[in-house]
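Per chain, numbering begins at 1; letters A, B, ... match sequence-line order.
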Amino acid sequence: MYDASLSSGAAPKPRGKSLLVQDARTRKRNAAEKRFRAYGMTAILIGLFFLVVLAVSIIRSGVPAFTQTVVDVEFTLTEEQYTAAEGELFKTKAYEGLLIEQIRDTLEARGLEVAFDAGAIERLLGKPGGTLREHYRANEQDLGSPVSFKLAAASRVDGYLTGRVTREALQDSRFMQASDLDLIDALVSADIITRAFNWNFITGADSGVDNPGGAGIGASVIGSFFMMLVVLALSLPIGVAASIYLEEFAPQNRFTDLIEVNISNLAAVPSIVFGILGLAVFIQFMHLPQSAPLVGGLVLTLMTLPTIIISTRASLKSVPPSIRDAALGVGASKMQAVFHHVLPLAMPGILTGTIIGLAQALGETAPLLLIGMVGFVARGYPDGVLAGFTEPNSAMPAQIYTWAARADASFYEKAWGGIIILLIFLLTMNIIAIILRRRFERRW
Amino acid sequence: MKDNHIAENEVATKNIKIAARDVQVYYGDTHAIKDVNVEIEDKTVTAFIGPSGCGKSTFLRCINRMNDTIDVCRVVGDILIDGEDIYDRKVDPVQLRAKVGMVFQKPNPFPKSIYDNVAYGPRIHGLARNKAELDDIVERALRRGAIWNEVKDRLDAPGTGLSGGQQQRLCIARAVATEPEVLLMDEPCSALDPIATAQVEELIDELRQNYSVVIVTHSMQQAARVSQKTAFFHLGNLVEFGETDKIFTAPEDPRTESYITGRIG
Ligand SMILES: Nc1ncnc2c1ncn2[C@@H]1O[C@H](COP(=O)(O)OP(=O)(O)O)[C@@H](O)[C@H]1O
Ligand SMILES: [Mg+2]
């Protein structure tokens, strides 16, 4: 052993304590550090756990809203049948009769015997005759050859297939009867019932309370989008201008202190207060249209302003004063110093604050209840809703609230689906903000 | 008062650039500068020395009205540059600062390219009519800042990526780019290593040919090396002002002597 021979005897004994042995104080400190790390990890794990639970339950409950049960029938209409049906008094009824025959034939071909009548088909599929007639009137070339129709099934069919509606619990009603369940079973074994993507949920408008299948969130996405435009266009310039003035130009005195305190207080005011303020000022006093995204946007602007002002001021404050000195030192005016040097450096922080403010505004329901942007059925959709800021509309969270409050259980599923769309909207906004922030970020 | 008479006698025949008359500075209730009278010559390096907190920076910042940016700060008395009162109501501080450049204690380049750092002043003052002229101004300023050779190949690189000494010389180049007549420097070398300090000191000596340079320093050796005139401040008073040689070899005031020999400070 080279080391040993060299150090034996000649090596000086360490003075005091050896570094190789931990003393009591060091052990205690290390233990405390380990404990703290464990606490931190636990905290993060708990957070992650809840996030996962939330994500899983949202997706599990929400995804069915994006699909729809359809009865997929291959249907052939000859020219003679077409002419005959068009000659009838109740034309759609004639088409319906042909469809029923077709379904019966299909089932018989597979050896399935069920008794059903036109009433049962109407309970399951609504009024399919109209859909058929419309198709053939528009596409006469399809006459004589088989066409595959995907006919949307009623929400109770959905419910039966997903287990929400059970045979035992079912009471015969005008919506569904026990015998209908046999028909559904037969259709399932004949592979006629499938699930298809529900475009109407994404693009459509809200439906009546008894038609959950036709409900869509599209109209309220447009409403939310218009509101966000109003909020962004008003609160960003006003908020940033106010912050710059307060932070860089305003003298420090009682008056500005008062303003400062009030802005902080405003950020803590419950949103419903802003809602009632909006109702009183914008609608009752200024006579702006009710239920309009413009009014919603104005109310949400009031709510968002304090958030933007506070975060903008914080990010202006975090720009080192030496940068202002440098600019003033070469003879820049105060405004030039702020706009050429301070503001660009504060931009990432301002954007973060703006996005947080907008995200809050996007998810806000309470003030919208008060200005009537809730429980609204878009009759003129899509024309009326698309017309813009002053046409009545709803917003995503308000729409979700409406659905969640409805009696029919299938609206519950729609509410979850709406939440997924809301989160996607939010995520898109955040991604845009991150991209913008990357652009503005500067290395020091 | 006695000190000022001596100073006046010596500089009477020379060109006075900056003259301060009974200057008082208050920070709220704090009386930071008391009755300062001083005359600073053109094309000279004047050093302000004194223990920290004695008001050197405060007085320096009066000369380009940087104190205006501090809410609580109040300046009383007159400061004349070329015989014009800079605290006159008609004077715009922005115009003044183009004429009186400043270099700060901590190098503070803008987080922009080296070129933009230097070009910023000339741009906002409209000193260049086109890109070629601006390029010229930038090159001249960087040469005067004795940093041209080090950065000429990377003018697009960020100014903040330079070493501390290079950053400070960049700031000096930025200050001279606007063609000031007076250059104020507040402890420009306190963040620099000895080699960078030597480079900056050499540069200050060169700048003397074109500008009136006022430098605050906590290093007496530095004051002795670079300045022709020295002012000693103590507790807000200008205790002694005169030829640097004289201040360091035969100070008149006992406080100056104690400071120079290391008994206060
Ligand atoms: N912004 C300010 N607000 C209030 N007091 C200040 C401010 N700047 C400096 N002072 C006070 O003025 C005095 C002189 O400071 P300063 O000029 O910075 O000294 P020096 O540069 O000589 O070290 C000190 O007592 C200091 O506390
Ligand atoms: Mg100082």
request  = Might you point out which heavy atoms bring P111(B) and L345(A) nearest each other, and give the distance in Å?
outcome  = CG-CD2, 3.5 Å
task = Over all heavy atoms of both residues, which pair between Y120(B) and A332(A) is shortest? Give the atoms and the distance, please.
result = OH-CB, 3.7 Å
If you count every heavy atom of other residues, nucleotides or ligands that lies below 6.0 Å from [X] atom [atom1], does the total exceed 12?
| X | atom1 | answer |
| --- | --- | --- |
| K106(B) | NZ | no |
| F50(A) | CZ | no |
| E202(B) | CD | no |
| F425(A) | CZ | yes |
| I276(A) | CD1 | no |
| K28(A) | NZ | no |

inquiry  = Less than 4.5 Å apart, side chain to side chain, heavy atoms only: is that true for R97(B) and V330(A)?
reply    = no
ask   = Are P93(B) and L328(A) close enough that some pair of their side-chain heavy atoms sits under 4.5 Å apart?
value = no
message = Would you compute the distance between atom CG of D92(B) and atom OG of S333(A) and round it to the nearest 0.5 angstrom?
response = 8.5 Å
request  = Check whether the ring centres of F110(B) and H340(A) lie less than 6.0 Å apart, and answer yes or no.
outcome  = no
message = Please output the residues of residues 69-80 of chain B in contact with chain A, using a heavy-atom cutoff of under 4.5 Å, in numerical order.
response = T69(B), D71(B)
note = Of the listed V103(B), T178(B), N108(B), the one with the largest count of heavy-atom pairs under 4.5 Å with chain A is N108(B)
message = Using a 4.5 angstrom heavy-atom cutoff, name the option from A327(A), P251(A), A326(A) with the most pairs to chain B.
response = A326(A)
